[in-house]
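A short worksheet on the structure shown next.
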Amino acid sequence: MDLRYEAYCFADRLFYDVQSSTEIAADDFSQVLPELPADWARADLTIWRYLQPAGAVLPRQGWKIHVSATVGNAGEVLLACYEHLVARRIPFKYLRTRSIVLARNSKYAPREASGKLITIYPADEAQLEKTLRELDELLAGQPGAYILSDLRYAAGPLFVRYGGFVEQWLEVDGRRVLAIEGATGELVPDQRKPTFWVPDWITLPKCLEEHLAARKGGDADSFPYRVTQSLHFSNGGGVYRATRKSDGADVVLKEARPHAGLDRDNVDAVARLRREHDILTLLSGVPGVPAAHELFSAWEHEFFAMQPVPGRPIGQWLGQHYPLTHYDVGDLSEYTARALAIVADVERIVADVHARGVVFSDLHPLNVLVDDDDAVSLIDFELAFRVEEDRRPTLGSPGFQAPPDRSGFEIDDYALAALRLYVFLPLNAVIELSPAKLRHHVEFIRRRFGLPDDYCDRIVEVLTPRVDPPVRVSTALDEPTPDWAVVRKSIAAAILASATPQRHDRLFPGDVEQFEVGGACFAYGAAGVLHALDVAGEGRFPEHERWLLDSLRRDPPKEPGFYTGAHGIAHVLENFGYHDEADELVREYAELLPDTKDHGLNAGLSGVALNLLHFAVRRDDESFADRALDLGDRLVGMLADAPPPGDKARAGLLHGWSGPALLFTRLHELTGERRWLDHAERALERDLAECMTALDGSTQVRDGTLRTLPYVGIGSAGIALALDEFARVAPDAACSARLPELVSGLTCEFVIQPAFMVGRAGLLATLAQAGGTREAVDRHLSALAWHAVPYQEGLAFPGVQLRRLSMDLNTGGAGVLLALASAVDGVPALPFLTAPALAGRLQ
């Protein structure tokens with residue numbers, strides 16, 4: 001699970017966002033700081049406030065100082081550091097508000113960023129040493145969470161790491177990561193992992209040597225357990241399998257970090273771990289609940305050893321057994337009986353817990369374990385409490401956390417009702433976004449699985465909000481035969497209603513990636529949304545196009561690539577008639593192409609080259625084609641040197657070799673040269689080598705040992721799109737014969753997300769594009785209603801993780817709109833593809 005999403009859920013109930021939009025004046029640290037001198041510059045960027053004196057020149061990278069603090073002492077620590085640094089004219093940045101400090105230290109915040117309140121940028125090692133020494137005296141005794149990515153200086157809240165001072169970006173494994181310059185000047189990842197790291201070409205400053213020695217000097221021999229396996233990490237600490245050294249007993253060992261893993265009441269992981277020990281001691285002997293062993297401290301952290309219980313989270317159990325993810329569903333009665341029995345066992349364990357006077361308070365799919373024989377256990381009692389305490393859970397899982405109007409045992413009753421629904425349609429997070437979806441979902445499982453009325457009625461009775469129960473809303477997608485023109489207009493209406501042209505960071509709310517790559521790009525920003533609205537026939541919007549143009553001056557793209565960089569924006573501007581602006585973008589970013597080593601369509605050379613071919617055709621200008629051919633030759637060399645497939649999936653349209661295969665196919669069409677078809681086939685074979693037979697017998701991209709991916713961005717649908725284009729030109733090629741097996745794996749009834757690149761919309765568009773059956777396309781069209789959420793006067797869709805709505809092309813409503821235009825109207829599913837095979841047959 002990508003933990004970044006949790007941090008973007010604090011600001012807004014409907015959209016992933018930075019917290020600047022919801023902060024209040026009293027929450028801003030500027031309230032406790034003196035006025036900045038006139039010759040200092042101040043700039044707010046996302047959650048940070050940057051302060052820099054006139055004339056200061058930051059090195060591109062170096063040793064930076066981080067200052068840690070708690071929510072309680074953050075203002076005091078910041079004031080002390082502010083006065084010290086401003087007086088010495090040292091640049092720094094700090095988290096702008098107390099609520100941001102809480103979010104950055106919450107349980108599911110990214111571990112590598114936790115604890116940081118202030119980042120200081122010393123000019124050199126001499127200033128590093130002097131600043132550390134003086135701040136150590138100034139901040140003596142101030143508490144703060146340990147910053148896992150850094151080296152601690154002395155015993156206080158000061159930490160140090162080597163890294164970038166200015167933003168430089170690199171694509172690694174399909175994601176853009178911050179980069180630094182290596183020993184010879186090339187960009188390498190700026191490793192931001194929860195462990196201290198020194199690049200091998202960098203010498204540790206002498207002032208840090210004793211502190212590194214102290215870090216390595218912990219007495220591991222005195223630790224009473226030998227860790228054998230890491231099971232889970234959160235910002236609050238880790239969970240491990242371990243062996244007790246004294247007698248060889250196997251245990252589960254939970255770790256808690258002081259001042260980290262905060263809940264919304266500012267309670268840290270240590271306090272919750274101690275509570276779990278007390279509760280499990282009280283529940284001793286309850287079947288299905290782990291037995292408590294010992295609670296102890298080591299290395300500043302708290303540890304709790306408990307009995308291991310068998311099984312895997314019920315979400316993983318569903319991943320293997322849930323029948324609607326298979327293209328051949330078969331008889332549902334066996335699954336229904338197993339799921340009902342598992343739910344009944346969970347209810348029995350919870351009843352036993354209640355009989356001891358305890359509210360579990362954290363029942364959700366990760367805390368329900370199912371063994372190979374379907375035996376059930378409950379784990380993770382850190383939020384449990386005695387019923388007479390009348391507490392409220394301060395953490396929870398989307399769709400399972402009880403609303404404020406529930407108390408005591410009702411909190412668990414709510415989660416049990418949510419579990420009843422989850423095992424038959426695991427989309428509870430959508431109901432949290434829109435409670436009006438509850439009855440639609442329950443009616444589906446009642447009909448599809450033949451469930452008893454009393455079982456389903458109980459779900460509705462318990463999960464329906466008591467305060468302001470939702471009015472049942474029927475949307476255009478809920479009609480027996482939807483009017484697809486009305487559906488498209490409803491999606492467009494929601495997208496346009498969400499626009500925030502007054503903001504500079506983004507125009508349309510979307511995925512959290514937009515706050516890293518910028519709010520203008522094709523994948524997650526305004527360019528992709530405006531493209532989808534246009535090609536779907538929903539119109540042009542000059543005021544939003546002006547925002548896109550203005551954003552290029554305010555926040556230029558960080559890279560040349562198509563989906564996350566300059567070329568995707570240039571593509572849209574060219575199509576909209578802004579030829580000079582498109583020219584300028586292509587010209588400015590040409591100088592970055594020699595350093596681009598990524599082959600993919602997302603941010604690499606194949607996307608750039610395909611866009612250059614697009615310019616060549618639109619303008620009848622061979623110079624663009626010549627540059628595309630040069631990039632094609634570079635990609636041929638990269639393909640020859642491509643490493644063999646690994647454990648982690650890379651195949652697919654955005655990040656695999658299917659993107660270059662699509663380019664090679666287009667270059668063959670341009671030149672007529674057979675060699676380009678040969679290169680395309682080799683690229684496709686490279687992606688097909690990452691496929692395996694999935695649990696349902698279909699062909700999908702392998703991701704690890706058991707997990708398979710059918711999606712467009714990374715997955716078999718992305719290969720199918722490129723292979724379809726190749727097969728139209730080379731139908732007799734050996735790999736063209738594999739297209740039907742890829743397409744057949746895209747027909748499953750259930751898809752967890754509606755997104756284009758990682759969900760149902762992409763499967764729908766691929767089936768329409770690459771020759772799927774009418775029945776399969778209709779199945780996806782009808783199931784879009786599961787995720788459709790009324791917003792303003794339109795229809796919106798949740799993005800990645802279903803926590804918040806998204807409007808962008810890769811993960812949100814714009815992608816769904818584009819998929820509908822492809823399936824219903826015959827619009828090419830994505831740039832650089834031809835008309836769908838089913839064009840005109842789905843009216």
Is there a donor-acceptor contact under 3.5 Å from the side chain of [X] to the main chain of [Y]?
{"X": "H787", "Y": "I752", "answer": "yes"}
{"X": "T500", "Y": "L507", "answer": "yes"}
{"X": "D703", "Y": "K648", "answer": "no"}
{"X": "E725", "Y": "T834", "answer": "yes"}
{"X": "S606", "Y": "L601", "answer": "yes"}
{"X": "Q769", "Y": "A829", "answer": "yes"}
{"X": "Q514", "Y": "F508", "answer": "yes"}
{"X": "S498", "Y": "P509", "answer": "no"}
{"X": "S736", "Y": "A730", "answer": "yes"}
{"X": "Q61", "Y": "F165", "answer": "no"}

Evaluation steps, salt bridge (charged side-chain N to carboxylate O under 4.0 Å, His left out), between R728 and D724: CA-CA 6 Å; R728 297 185 192 208; D724 174 63; 3.0 Å; yes
Stepwise side chain to side chain contact (heavy atoms under 4.5 Å, CB included) check, L742 with L688: CA-CA 10 Å; L742 293 174; L688 287 167; 4.0 Å; yes
Run the salt-bridge test on [X] and [Y] with the 4.0 Å N-O cut-off and return the result as yes or no.
{"X": "D583", "Y": "R587", "answer": "no"}
{"X": "R666", "Y": "E669", "answer": "yes"}
{"X": "K597", "Y": "D595", "answer": "no"}
{"X": "R506", "Y": "D17", "answer": "yes"}
{"X": "D687", "Y": "R682", "answer": "no"}

For [X] and [Y], work out which heavy atoms get closest and say how close.
{"X": "P560", "Y": "V608", "answer": "O-CG2, 3.8 Å"}
{"X": "G525", "Y": "D808", "answer": "N-CB, 4.4 Å"}
{"X": "A582", "Y": "L573", "answer": "CB-CB, 4.2 Å"}
{"X": "S716", "Y": "L746", "answer": "OG-CD2, 3.8 Å"}
{"X": "A625", "Y": "A616", "answer": "N-CB, 3.6 Å"}
{"X": "P836", "Y": "G826", "answer": "CD-O, 3.0 Å"}

Crowded around [X] [atom1]? As in, over 12 foreign heavy atoms under 6.0 Å?
{"X": "E186", "atom1": "CD", "value": "yes"}
{"X": "R707", "atom1": "CZ", "value": "no"}
{"X": "K93", "atom1": "NZ", "value": "yes"}

For residues [X] and [Y], determine if any side-chain heavy atom of one lies less than 4.5 Å from a side-chain heavy atom of the other.
{"X": "R4", "Y": "E516", "answer": "yes"}
{"X": "L663", "Y": "L605", "answer": "no"}
{"X": "C521", "Y": "V517", "answer": "yes"}
{"X": "R650", "Y": "V701", "answer": "no"}
{"X": "L612", "Y": "D626", "answer": "no"}
{"X": "L548", "Y": "R546", "answer": "no"}
{"X": "L477", "Y": "W484", "answer": "yes"}
{"X": "E673", "Y": "H668", "answer": "no"}

Interatomic distance, [X] atom [atom1] to [Y] atom [atom2] [nearest 0.5 angstrom]:
{"X": "I714", "Y": "L709", "atom1": "CD1", "atom2": "CG", "answer": "7.0 Å"}
{"X": "F756", "Y": "L818", "atom1": "CZ", "atom2": "CG", "answer": "5.5 Å"}
{"X": "L764", "Y": "L784", "atom1": "CG", "atom2": "CG", "answer": "6.0 Å"}
{"X": "L763", "Y": "H780", "atom1": "CG", "atom2": "NE2", "answer": "5.0 Å"}
{"X": "T671", "Y": "L629", "atom1": "OG1", "atom2": "CG", "answer": "6.5 Å"}
{"X": "D190", "Y": "L170", "atom1": "CG", "atom2": "CG", "answer": "11.0 Å"}

Verdict with reasoning, Y711 to M757, per side chain to side chain contact (heavy atoms under 4.5 Å, CB included): CA-CA 6 Å; Y711 305 120; M757 290 302 172; over 6 Å; no
Assess the pair [X] and [Y]: is the distance between their ring centroids shorter than 6.0 Å?
{"X": "F15", "Y": "Y791", "result": "yes"}
{"X": "F522", "Y": "H531", "result": "yes"}
{"X": "Y8", "Y": "Y16", "result": "no"}
{"X": "H571", "Y": "F832", "result": "yes"}
{"X": "W676", "Y": "H679", "result": "yes"}

Evaluation steps, side chain to side chain donor-acceptor pair (under 3.5 Å), between Q753 and R760: CA-CA 6 Å; Q753 297 177 148; R760 185 183 298 279; over 6 Å; no
Steps toward salt bridge (charged side-chain N to carboxylate O under 4.0 Å, His left out) verdict (R686, E690): CA-CA 7 Å; R686 172 59 182 76; E690 294 198 37; 2.8 Å; yes
Any donor-acceptor N or O pair under 3.5 Å, side chains N575, H614: yes
Residues Y5 and D511: side-chain donor-acceptor under 3.5 angstrom: yes
Pair I495-I491, side chain to side chain contact (heavy atoms under 4.5 Å, CB included): steps then yes or no: CA-CA 6 Å; I495 291 171; I491 297 172; 4.1 Å; yes
Ring geometry between F541 and H544 (parallel below 30°, tilted from 30 to 60°, perpendicular above 60°): tilted
Audit row: L767, T747, side chain to side chain contact (heavy atoms under 4.5 Å, CB included) steps and yes/no: CA-CA 8 Å; L767 288 169; T747 60; 4.2 Å; yes
R540 charged N/C atom sitting above F576 aromatic ring, 6.0 Å / 45°: yes
Ring-face cation of R503 near W547 (centre distance under 6.0 Å, axis angle within 45°): no
Trace of the side chain to side chain donor-acceptor pair (under 3.5 Å) decision for D621 with S623: CA-CA 6 Å; D621 186 337; S623 67; 2.6 Å; yes
